[in-house]
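The structure presented is a predicted model; accordingly, all values stated were derived computationally and were not measured.
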Amino acid sequence: MRGTASTLPGCSCDLVPGKGNCVLKELYIGPNDAQQRMDKFLTKAVPLLPKSLMYKYLRTKRIKLNGKRCEISTRLQEGDRVSLYISDEFFPESRKAPLFLAAPAQLDLLYEDENILVIHKHPGLVVHEDEDHTTDTLIHRVLHYLYNKGEYDPERENSFTPALCNRLDRNTGGIVLAAKTAPALRILNQKIKDREIQKQYLCIVHGHMEPKEATAKAFLKKLEAEKRVVVTDHPIPDGRTILTQYRVLAERKGYSLLEVNLLTGRTHQIRAHLAYLGHPLLGDTKYGRRSPTDGGLRWQTLYAYQVTFCFSTPGEELEYLNGRRFTISHVPFCEDFLAGAPLDGRAE
């Protein structure tokens with residue numbers, strides 16, 4: 001929880017002459033701050049404080065832990081007190097309403113508990129603020145939703161903000177996981193990294209796949225300037241191995257409905273890899289092709305429809321999720337495909 005600051009009259013901080021009075025501010029370590037290194041905590045809690053000054057203030061005891069000198073690598077514990085005797089310019093008073101309050105607070109939730117949210121993100125919604133500075137983002141909706149519930153208030157947090165644990169492209173629908181607490185965020189991020197959370201996708205591709213079930217291997221390289229990736233069948237500089245497991249669920253003339261399991265999780269992996277194999281996603285304008293039959297589609301036919309928690313190592317505070325599976329049962333393009341309806345994107 002954020003502490004209070006008191007100004008010490010007649011004092012000026014030695015490294016920032018003329019830029020303000022020194023203040024004594026105390027920050028109390030709550031559960032979302034605990035177990036962080038001191039330097040990592042200060043970087044988040046006092047983002048305007050330059051690192052060079054932070055290191056000096058720790059050495060000269062302008063920043064103390066429980067009234068004593070500490071190291072940058074000291075791990076904080078819940079209940080600790082961090083005292084900062086530094087210029088008040090590093091603690092600007094903000095009277096502006098949080099930006100996330102400008103976004104809707106509505107979420108399509110599949111599951112919620114005290115630690116996590118399992119969210120159904122619909123196509124067209126961006127997950128984070130983009131170069132267009134979009135206000136209505138999934139993370140802003142999450143923060144607004146939790147703010148309304150009284151479960152998140154930026155004024156009460158020193159260093160933590162609820163966060164999304166996986167991303168989906170604007171035009172991809174499906175499941176996104178969000179962490180309400182710092183321990184949940186740490187655990188989920190590690191489980192995703194260790195492939196202990198499985199994500200399955202549904203998609204429609206041009207053509208008929210052969211074989212009908214396989215694990216395809218290739219190499220992918222990001223082209224940051226072009227905001228796309230390239231795929232090759234041989235290693236390339238700055239390229240990374242990709243493994244894409246698929247099986248054909250159904251076929252219609254000229255198209256296939258696939259279930260895809262990512263064994264590696266790279267940017268645009270499904271879209272770029274399937275296009276490289278000669279079977280681009282229906283409706284994908286970046287890696288695919290337009291045809292008269294998909295001209296009415298608003299989004300690419302790709303959905304992250306299922307998530308399974310399959311921990312092979314202890315899940316700590318989230319162990320109760322082990323073995324749980326969450327599924328989006330209503331995927332419009334899948335239902336249209338199986339029913340033989342036109343694939344024109346009407347439902348989404």
Side-chain angles (χ1 to χ4, degrees), residues 110 116-121 123 125-128 130 137-139 142 163-179 184-203 205 213-224 226-233 235-247 258-277 279-281 284 286-288 299-313 315 318 321-322 324-328 331:
L110 300 176
I116 73 165
L117 298 168
V118 181
I119 307 163
H120 179 180
K121 184 195 90 69
L125 179 64
V126 65
V127 292
H128 290 111
D130 55 15
T137 66
L138 182 60
I139 185 56
V142 167
L164 306 181
C165 302
N166 62 302
R167 301 173 62 100
L168 292 176
D169 296 334
R170 178 195 292 269
N171 294 333
T172 300
I175 296 176
V176 175
L177 303 177
L185 180 61
R186 174 182 58 82
I187 295 167
L188 286 178
N189 283 342
Q190 189 63 49
K191 294 301 184 186
I192 290 173
K193 179 180 178 181
D194 294 341
R195 314 305 297 173
E196 294 182 37
I197 297 178
Q198 294 182 352
K199 292 173 283 184
Q200 279 77 39
Y201 296 75
L202 293 172
C203 64
V205 299
E213 184 172 351
T215 298
K217 178 179 179 179
F219 301 88
L220 178 148
K221 177 180 179 179
K222 293 178 68 173
L223 304 177
E224 297 286 358
E226 300 178 29
K227 297 182 180 178
R228 60 183 287 123
V229 303
V230 293
V231 176
T232 68
D233 60 1
I236 52 178
D238 300 320
R240 305 181 72 180
T241 302
I242 56 174
L243 295 170
T244 306
Q245 186 180 68
Y246 72 86
R247 66 186 180 100
L258 310 182
E259 181 184 61
V260 177
N261 180 24
L262 287 182
L263 302 182
T264 55
R266 315 296 187 206
T267 300
H268 295 176
Q269 178 176 328
I270 293 176
R271 298 165 61 190
H273 199 178
L274 290 173
Y276 176 76
L277 294 175
H279 300 280
L281 266 63
D284 187 352
K286 184 182 288 285
Y287 299 102
W299 325 113
Q300 62 214 11
T301 51
L302 178 64
Y303 237 82
Y305 86 106
Q306 187 167 268
V307 166
T308 305
F309 294 84
C310 45
F311 303 159
S312 56
T313 57
L318 302 185
L321 291 171
N322 197 14
R324 296 289 302 272
R325 173 175 292 171
F326 301 96
T327 304
I328 295 174
V331 179

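Note that the CD1 atom of Ile116 and the CZ atom of Phe326 stand 5.5 Å from one another [nearest 0.5 Å]. To the nearest 0.5 Å, the span separating OG1 on Thr137 from CZ on Arg170 amounts to 10.0 Å. In this structure, CG in Leu168 is found 6.0 Å from NZ in Lys121, a value given to the nearest 0.5 Å. Once rounded to the nearest 0.5 Å, the distance linking CD1 of Ile187 with CD1 of Ile192 reads 12.0 Å. In this structure, the separation between CD1 on Ile175 and OG1 on Thr308 is 8.5 Å, given to the nearest 0.5 Å. Atom CH2 of residue Trp299 and atom CG of residue Asp284 lie 13.5 Å apart, to the nearest 0.5 angstrom.
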Between Leu258 and Val205, is the side-chain contact (heavy atoms from CB on, under 4.5 Å) condition met? List the steps.
CA-CA 8 Å; Leu258 310 182; Val205 299; 3.9 Å; yes

List the steps, then state whether salt bridge (Lys or Arg N to Asp or Glu O under 4.0 Å) holds for Asp233 with Lys217.
CA-CA 8 Å; Asp233 60 1; Lys217 178 179 179 179; over 6 Å; no

Intermediate values then yes/no, side-chain contact (heavy atoms from CB on, under 4.5 Å), Leu177 and Leu117:
CA-CA 6 Å; Leu177 303 177; Leu117 298 168; over 6 Å; no

Evaluation steps, side-chain hydrogen bond (donor to acceptor under 3.5 Å, both in side chains), between Tyr303 and His120:
CA-CA 10 Å; Tyr303 237 82; His120 179 180; 2.9 Å; yes

Pair Thr327, Tyr305 - check side-chain contact (heavy atoms from CB on, under 4.5 Å), show working.
CA-CA 6 Å; Thr327 304; Tyr305 86 106; 3.8 Å; yes

Evaluate the criterion side-chain contact (heavy atoms from CB on, under 4.5 Å) for residue pair Leu302 and Arg271; output intermediate values, then yes/no.
CA-CA 8 Å; Leu302 178 64; Arg271 298 165 61 190; 4.1 Å; yes

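When all heavy atoms of Leu281 and Thr301 are compared, the closest pair comes out as CD2-O, 3.9 Å. Nearest heavy-atom pair across Leu220 and Gln269 is CD1-CA, 4.2 Å. Counting all heavy atoms, side chain and backbone alike, Thr244 lies closest to His273 at OG1-ND1, 2.7 Å. Here the shortest heavy-atom pairing between Ala179 and Leu188 reads CB-CD1, 4.3 Å. Across Ile328 and Val331, no two heavy atoms sit closer than the pair O-CG2, 3.9 Å. Considering all non-hydrogen atoms of both residues, Leu318 and Ala184 come closest at CD1-O, 4.0 Å.
Between Lys199 and Asn166, some side-chain heavy-atom pair lies under the 4.5 Å cut-off. In this structure the side chain of Val231 reaches within 4.5 angstrom of the side chain of Ile242, judged on heavy atoms. In this structure, Val118 and Val307 have side chains that are not in contact, with every pair of non-hydrogen atoms separated by 4.5 Å or more. Between Leu274 and Pro280, the closest side-chain pair of non-hydrogen atoms is not below 4.5 Å. Inter-residue side-chain proximity for Thr172 and Gln300 is flagged as met; some heavy-atom pair is nearer than 4.5 Å.
Here the side chain of Asn322 pairs a donor or acceptor atom with the backbone of Phe311 at under 3.5 angstrom. Side chain of Asp169 to main chain of Asn171: no donor-acceptor pair is present (N/O by atom type, distance under 3.5 Å, no hydrogens or angles). Judged purely by atom type and a 3.5 angstrom limit, Tyr287 has no side-chain atom pairing as donor or acceptor with the backbone of Ile270. Looking at Lys286, its side chain never comes within 3.5 Å of a backbone N or O of His268 through a donor-acceptor pair. Using a distance-only test at 3.5 Å, with no hydrogens or angles considered, no donor-acceptor pair links the side chain of Arg167 to the main chain of Thr267. At least one donor-acceptor pair under 3.5 Å links the side chain of Thr264 to the backbone N or O of Leu243.
When the shell of 6.0 Å around NZ of Lys222 is examined, it contains 12 or fewer heavy atoms from other residues, nucleotides or ligands. Residue-environment remark: CZ (Arg240) stays at or below the threshold of 12 foreign heavy atoms within 6.0 Å. In Arg228, the CZ atom is crowded: over 12 heavy atoms of neighbouring residues, nucleotides or ligands sit closer than 6.0 Å.
Ser312 pairs by the side chain to side chain contact (heavy atoms under 4.5 Å, CB included) definition with Glu196, not counting sequence neighbours.
The side-chain tip of Lys191 does not point at the ring of Phe309 from less than 6.0 angstrom away and within 45° of straight on.
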